[in-house]
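To keep things clear, I will list the structure first and then write my remarks on it.
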2 protein chains.
Amino acid sequence: MSQNKEQGVINEKNCVMIYSMEIIGGKWRVPILWKLYQNKTMRYNDLKRNLVGITNIMLTRSLKSLEENGLVSRKEFNQIPPRVEYSLTDNGLQLVPALEAIFNWGKERMTKEDMTLKTARC
Amino acid sequence: MSQNKEQGVINEKNCVMIYSMEIIGGKWRVPILWKLYQNKTMRYNDLKRNLVGITNIMLTRSLKSLEENGLVSRKEFNQIPPRVEYSLTDNGLQLVPALEAIFNWGKERMTKEDMTLKTARC
DNA sequence: CCGCATCCTTCTTGATACTG
DNA sequence: CAGTATCAAGAAGGATGCGG
């Protein structure tokens, strides 16, 4: 550690970007967050229907991971049939500017690649 | 296809978020972009020194992928010893707002987790 | 100095079937 | 409705050593 010679050096322990990407990286987590932001509150099968291609396993795992990291809250209603609602926590909402920036960048790029694409929502 | 009933539905072909994360996801690509943004132009070994923990393979692969996706430009000088400089392209620069938003979110979160952390740069 | 080739390990994602 | 269990496959990440 000696002094401040190594200021600015990145490693896996102090790198904000590695840290952040570990939380929101992967294939489905950002799309899930984005859908929750758009719809405020969604049930498990709402998400599943909206995220075409996602499997139960991936949806369950992604939601659990997001919940454990405090980005998503899970509210369970004790009824039959079961009802579980997901929504963004405050910390999740704080990520929205980043999500929007990623979306805007990606959408513009994607549209340039494929001019027929007009309805991307996620 | 029928009609527009499925507007807003996400799949892997039209989902901007999946598309974007495929380009910038993974462990090292965002940290590399962030360092290039901070330093404008960096040589291969500059990056390697700054991204502690990265191996040649991962740095090479990540740079190549970013270059192929048009986010990073690679300028090779024909000299001995070799000199190669990397920097962000216009499209890479367009991602900076997203990078900043991710950084700000992650930094605040990380600082709350670990109050001793004051010097995170990446 | 700037990488690539090879080989190996681990993590992520997924298909399918089943349950309270 | 909201998930789990199990098994399988692929992708990502990494160690080591070599080469122009």
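These numbers were taken from a predicted model, which means no experiment stands behind them. Numbered from 1 within each chain, the chains take letters A, B, ... in sequence-line order. The figures that follow rest on heavy atoms only: side chains count, while hydrogens, waters and symmetry mates do not.
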Checklist entry - Which of residues 58-69 of chain A sit near DNA chain C, with a heavy atom under 4.0 Å from it? => result Met58(A), Arg61(A)

Checklist outcome for this item: Ordered by number, residues from residues 72-88 of chain B within less than 4.0 Å of DNA chain D (heavy atoms) are Pro82(B)

Next on the checklist: Assess, by modelled atom type and distance only, whether the side chains of Tyr44(B) and Asn56(B) contain a donor and an acceptor separated by less than 3.5 Å.
Outcome noted: yes

Next on the checklist: Just to verify, which of Lys48(B), Arg43(B), Arg49(B) counts as forming a side-chain hydrogen bond (donor to acceptor under 3.5 Å, both in side chains) with Asp46(B)?
Outcome noted: Arg49(B)

Item to check | Between dA12(D) (P) and Ile24(B) (CD1): distance, integer Å | outcome: 14 Å

Item to check | Interatomic distance, Leu51(A) CG vs dG14(C) P [rounded to whole Å] | outcome: 12 Å

Checklist entry - Taking atom P of dC2(C) as reference, at what distance in whole Å does atom CG of Asn45(B) sit? => result 5 Å

Checklist outcome for this item: By side-chain hydrogen bond (donor to acceptor under 3.5 Å, both in side chains), Glu113(A) pairs with (sequence neighbours left out) Tyr19(B)

Next on the checklist: Expressed as a whole number of angstroms, how long is the span from Met21(B):CE to dT13(C):C1'?
Outcome noted: 15 Å

Next on the checklist: Does a side-chain N or O of Trp28(A) approach OP1 or OP2 of dT12(C) to a distance below 4.0 Å, or not?
Outcome noted: no

Item to check | NZ/Lys40(B): more than 12 non-hydrogen atoms of other groups inside 6.0 Å | outcome: yes

Item to check | Spacing of Tyr44(A) atom OH relative to dC1(D) atom C1', expressed in whole Å | outcome: 10 Å

Checklist entry - Is the phosphate of dC11(C), meaning OP1 or OP2, less than 4.0 Å from a side-chain N or O of Lys27(B)? => result no

Item to check | Integer-rounded Å distance: dT12(C) P and Ile57(A) CD1 | outcome: 14 Å

Next on the checklist: Rounding to an integer number of Å, can you tell me how far Ile54(B) CD1 sits from dC2(C) P?
Outcome noted: 14 Å

Item to check | Donor-acceptor contact present, side-chain Thr89(A) to main-chain Leu71(A), <3.5 Å | outcome: yes

Next on the checklist: Is it the case that the side chains of Tyr37(B) and Glu100(B) hold a donor-acceptor pair, with the cut-off being a distance below 3.5 Å and no angle test?
Outcome noted: yes

Checklist entry - Counting N and O atoms only, with roles assigned by atom type, does the side chain of Ser65(A) sit under 3.5 Å from a partner on the main chain of Arg61(A), one being a donor and the other an acceptor? => result no

Checklist entry - Without hydrogens or angle criteria, can the side chains of Ser73(B) and Ser87(B) be said to hold a donor-acceptor pair below 3.5 Å? => result yes

Item to check | Side-chain (Arg109(B)) to main-chain (Trp105(B)) donor-acceptor, under 3.5 angstrom | outcome: no

Item to check | N or O in side chain of Asn56(A) less than 4.0 angstrom from dG3(D) OP1/OP2 | outcome: no

